[in-house]
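To start, the structure itself, in structure tokens.
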Amino acid sequence: MSILKTAKACAFITTRDRDKAKAFYGETLGFTLQSEDPYGVVFQMQDANLRITPLPDFTPQQHTALGWNVADVPATVIAMTEAGIVFERYSFLEQDALGIWKSGAAQVAWFKDPDGNILSLSNS
């Protein structure tokens, strides 16, 4: 069945502070604001939309909520660090000086949005 094969995906992130999330995803990460209504904010990403929904009592999960595949993880981490983003360090993983975990050819680095949602960069 291929009902959704050509449909555009939409990712969802929850926030306690709509204004901080809007600034982070729009200004810091550089996504284009597509729409805004009383129930949330929608940004255009490369191949999907991102809807940020406010929920005052939200508690972030302890796993990756959203990630991006990038061509060059180290270069992207450096550029994002220069933009003020702090990459996470996990005691249970062996990460390099940039905070990148490597498993074979795969590379992954994690960072958080203002609400503590765990986001990632990877090359696969």
Look at the side-chain heavy atoms of Ile, Leu, Val, Met, Phe, Trp and Tyr, link any pair under 4.5 Å apart, and say whether [X] and [Y] land in one connected group.
X: F43; Y: I13; result: yes
X: M45; Y: V42; result: no
X: I78; Y: L119; result: yes
X: F58; Y: F24; result: no

With heavy-atom distances below 4.5 Å as the criterion, would you say the side chains of [X] and [Y] are in contact?
X: L50; Y: F12; value: no
X: S103; Y: E94; value: no
X: V77; Y: I100; value: yes
X: I52; Y: R18; value: no

*Quick one: does D37's side chain have a donor or acceptor within less than 3.5 Å of a partner on Y39's backbone?*
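Checked: pair present.
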*For the student: nearest non-hydrogen atoms of P60 and G116, plus distance*: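 Looking at all heavy atoms of both residues, the closest pair is CB-O, 3.5 Å.
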*asked:* Using ring centroids (six-membered ring only for Trp), state whether W110 and Y90 fall under 6.0 Å.
replied: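 Yes; W110 has its ring centre under 6.0 Å from that of Y90.
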*asked:* Under 6.0 Å between ring centres: does that hold for F31 and W68?
replied: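 Ring centres of W68 and F31 closer than 6.0 Å.
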*asked:* Strictly below 4.0 Å, N to O, side chains only: are D47 and K8 in salt-bridge contact?
replied: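 The answer is no: the pair does not qualify as a salt bridge.
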*For the pair E36 and R51, find out whether any cationic side-chain nitrogen is under 4.0 Å from an anionic carboxylate oxygen.*
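No.
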Separation between [atom1] of [X] and [atom2] of [Y], rounded to the nearest 0.5 Å:
X: K112; Y: F87; atom1: NZ; atom2: CZ; answer: 13.5 Å
X: D57; Y: T59; atom1: CG; atom2: OG1; answer: 7.5 Å
X: N123; Y: D72; atom1: CG; atom2: CG; answer: 9.0 Å

*Can you check side chain to side chain contact (heavy atoms under 4.5 Å, CB included) on M80 and L121, steps first, answer last?*
CA-CA 11 Å; M80 291 176 73; L121 302 175; 3.6 Å; yes
